[in-house]
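The sequence lines fix the lettering, A, B, ..., with proteins before strands; numbering per chain opens at 1.
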Amino acid sequence: MAEKVVTRFAPSPTGYLHVGGARTALFCWLWARRTGGTFILRIEDTDQKRNTPTAAEQVMADLRWLGIDWDEGPQVGGPGGPYLQSERTDIYDKYVRRLLDEEKAYYCFETPEELGALRKEAEAQKRGFVYPRPEHFPTAEDAEKARARGRAVTVRFAVPQDEPIVVQDLVRGEIAFAPDDIGDFIIQKSDGFPTYNFACVVDDYLMKVTHIIRGQEHLNNTPGQQALWRVLFADGPLPKYAHMSVTVSDAGGKLSKRERPKALLAAIKAMPDIDTNKLAEVGGLTVEQLQAFIGGKATPDMPSIDAMANSLGVQLPEINIVDFFRSGYLPETMVNFLALLGWNPGDDREIMPVDELIQSFDLSRLTKANSLFDRQKLIAFNTEHIRMLPKQKLLGHLRDYLEVIASPVVAADDELLSRIIDLCEGARTLADIERKCRFIFMGSDRIEYDDKAVKKVLLKGDGLDTLQSVRDELAAMEEFSEDKIENMLRSLAEQRSVGLGKVAQPLRVAICGTTVSLPIFDSLSLLGREETLERIATTLQRFRV
RNA sequence: GGCCCCAUCGUCUAGGCAGGUCUAGGACACCGGGUUUUCAACCCGGCAACAGGGGUUCGAAUCCCCUUGGGGCUACCA
């Protein structure tokens, strides 16, 4: 490895970091870390219409949560800065100027409508559309005049037509493109901003990027970018390309952020009588906006989608990295799982800490075929990472999680939380842990009884009777410890010649409202005798006829 | 429509580049059993794949071609 590796992740800040982007970032990062190279974060915010001011911050926060740090980029600086493309327009202008002067690029004046018509025509003739290059390039004066007439002016790169463009891809090998299939693409938009295909070439060169690792969706852009690089930077060796397979969704097609609104919409439509006024309010929308959403005409932003889903109790598929955080997944899990989406170490290892991932990572082992994002396997990975992670780290993650979901369990101190973790062996997500212990922190007046649980264990059979006996025994106990509670419950079950479950379940529902909680003996001792007795009394009163 | 990529169990994949050791290995899921105070977890066992057709070769999951299927791109988005 003679040359120092430089990789970059170049997201456009349009919202949260989603799994696809996170995987790209991870691969770039892993390769840089593996080789002792440099990992750059560059924000591609050249689309004035789509940028939201906080999106870049959000993306960076999400990367940090995953443990992906950058050596150069926003917040840390570096020799190739600035790292926001919107702050580099003078650089791009310079190169556009040069290309124009050398007649390797030219002005165009078509409107989007006119271009659209041309495209349609090409398709009707079963041809691929390529922009028809004019015989004589318009002059600078022509451009001025057009501008003065209010015409939109763009600049196109004249793709050299002399020979096939051959891309050497680290994953797919040699891929040849016919130059006349590529067509002169726009490098500068009418608002003066560069297009992605232009800015990324200039920046990759200036930032000395050696390896471009990105999704396969960029494969078709590559010949054009490569041609541009050759014309612009004849002195610089081409970067190496590695196009990763696409991650597809179980819903079919590329995993997309649109899946969340789609899932919510489907859920709303499945609900016969829904209070649109209330729902609109929850989502911070006007009723008209909500109707537009339901009618498929508009899509509200993510926080709004989340809020509505939450109030309806609908579980949306996780797509963004924060979604996984909120569902109780560990960053260690995500990193491990994402790494295995399109890469593997070549042996049977699957569950790996990040250090091992870095050690094992190699671009030569990227997979060619698309892979499906398997949520069940993700859960299995999370279970394993929860088990493996050092206690202190897990505790930290749990605390972050509790804060973000605003759980009442945040009230617990570290010692208590640590004990709870011990009692949750086998938990699949942090949400499992939270769900099992939240009853302790709820306050007896706020217990919500789960209908199904109540029917099944209290109302059916002699659940209430059993509960009454349990209560009497508990009240009579001298010492309220786990051991004593266990002895008592076991002998009670024996007396009644039933399994422990028959005794424990009514009790569980009485103190938590559900059939799922920490082990029953610990649940009781954690709650304390007084609170336990009170909850049982409340339950008996409420459900006894 | 055009261009490009891909193809091993339901899913992720190992093996393919250097054909025989592959009656195809692992993991998740699933099914059966065990353990059990709930949910999980855990233990044991099982089911399950080289898309189809042609070549090349003594021999093909592995190399070549075609078909079929899946995916991506086709913007003054990135």
Side-chain angles (χ1 to χ4, degrees), chain A residues 10-14 44-47 49-50 85 108 110-112 115-116 119 122-130 152-156 167 169 171-173 175-178 181-183 185-191 193 195-197 199-200 214-223 243 245-246 248 250 252-254 337 340-351 367-381 383 387 424-428 432 435-436 453 457 486 489-490 493 499-505 507-509 512 514-521 523:
Chain A
S12 68
T14 53
E44 310 226 324
D45 54 349
T46 55
D47 185 353
K49 290 182 285 290
R50 295 206 316 169
Q85 289 188 328
C108 303
E110 283 80 8
T111 63
L115 289 170
R119 268 188 205 99
E123 186 164 336
Q125 292 172 25
K126 303 192 176 213
R127 285 186 354 243
F129 171 76
V130 286
V153 178
T154 58
V155 178
R156 277 179 199 267
V167 174
D169 188 83
V171 182
R172 283 154 225 286
I175 306 157
F177 295 85
D181 278 340
I182 291 168
F185 54 93
I186 293 181
I187 57 176
Q188 189 176 61
K189 307 184 236 181
S190 59
D191 64 4
F193 275 84
T195 58
Y196 159 73
N197 277 314
C200 85
R214 53 174 26 166
Q216 194 211 144
E217 59 268 27
H218 291 285
L219 194 52
N220 283 292
N221 296 143
T222 308
H243 287 95
S245 56
V246 173
V248 297
D250 44 10
K254 191 164 74 158
F337 189 74
L340 254 27
L341 234 44
W343 170 83
N344 69 77
D347 50 42
D348 285 345
R349 285 176 295 158
E350 289 200 320
I351 302 289
T367 293
K368 289 183 192 171
N370 291 171
S371 45
L372 186 120
F373 191 83
D374 184 348
R375 293 169 191 282
Q376 282 179 309
K377 189 148 181 165
L378 211 217
I379 289 186
F381 269 52
T383 309
R387 195 197 318 283
C424 287
E425 205 195 335
R428 297 151 69 96
D432 279 354
R435 185 158 14 95
K436 280 185 175 184
V457 300
E486 175 161 5
L489 288 177
R490 284 198 192 279
L500 186 53
K502 285 280 183 232
V503 178
Q505 283 304 78
L507 182 53
R508 199 186 300 275
V509 175
C512 340
T514 73
T515 53
V516 178
S517 80
L518 299 177
I520 192 68
F521 318 124
S523 291

U57(B) versus G19(B) - spacing of their C1' atoms, nearest Å: 9 Å
What is the nucleic acid contact for G183(A), judged by heavy atoms within less than 4.0 Å: base, sugar-phosphate only, or nothing? nothing
Picking from C4(B), A78(B), A75(B), the nucleotide nearest the side-chain atoms of N197(A) would be A78(B)
When you get a sec, tell me which of A78(B), C73(B), C6(B) is the closest nucleotide to the side chain of A369(A)? C6(B)
Could you check how far CZ of F129(A) sits from C1' of C76(B), rounded to whole Å? 13 Å
Distance between the C1' atoms of G69(B) and U8(B), in whole angstroms? 15 Å
Given salt bridge (Lys or Arg N to Asp or Glu O under 4.0 Å), test R127(A) with E123(A) step by step and report yes or no. CA-CA 5 Å; R127(A) 285 186 354 243; E123(A) 186 164 336; over 6 Å; no
Nucleotide N/O to protein N/O under 3.5 Å, stretch nucleotides 15-17 of chain B:
unit_1	atom_1	unit_2	atom_2	d
G15(B)	OP1	R365(A)	NH1	3.2
G15(B)	OP1	R365(A)	NH2	3.3

Below 3.5 Å is the cut-off: list the nitrogen or oxygen pairs between protein and nucleotides 42-49 of chain B, distance only.
unit_1	atom_1	unit_2	atom_2	d
C42(B)	OP1	R387(A)	NH2	3.2

How long is the line joining CG of L341(A) and P of C12(B), in whole Å? 9 Å
Using the C1' atoms only, state how far A29(B) lies from G10(B), rounded to an integer number of Å. 8 Å
Residues forming a side chain to side chain contact (heavy atoms under 4.5 Å, CB included) with P223(A), sequence neighbours excluded: I165(A), V167(A), F177(A), I182(A)
Of C76(B), G71(B), C3(B), the nucleotide closest to the side chain of V248(A) is G71(B)
Side chain to side chain contact (heavy atoms under 4.5 Å, CB included) partners of A504(A), counting only residues at least two apart: I520(A)
How close or far is atom C1' of G10(B) from atom CZ of R375(A), stated in whole angstroms? 17 Å
Testing C5(B), G1(B), A7(B) for proximity to the side chain of L219(A), the answer is C5(B)
Between G25(B) and A14(B), how far is it from one P atom to the other, in whole Å? 15 Å
Please list, pair by pair, any protein nitrogen or oxygen found under 3.5 Å from a nitrogen or oxygen in nucleotides 51-53 of chain B.
none

Using a 4.0 Å heavy-atom cut-off, write out nucleotides 21-39 of chain B from 5' to 3' as B (base contacted by protein), S (sugar-phosphate only) or - (no contact). -----BBSS-------BBB
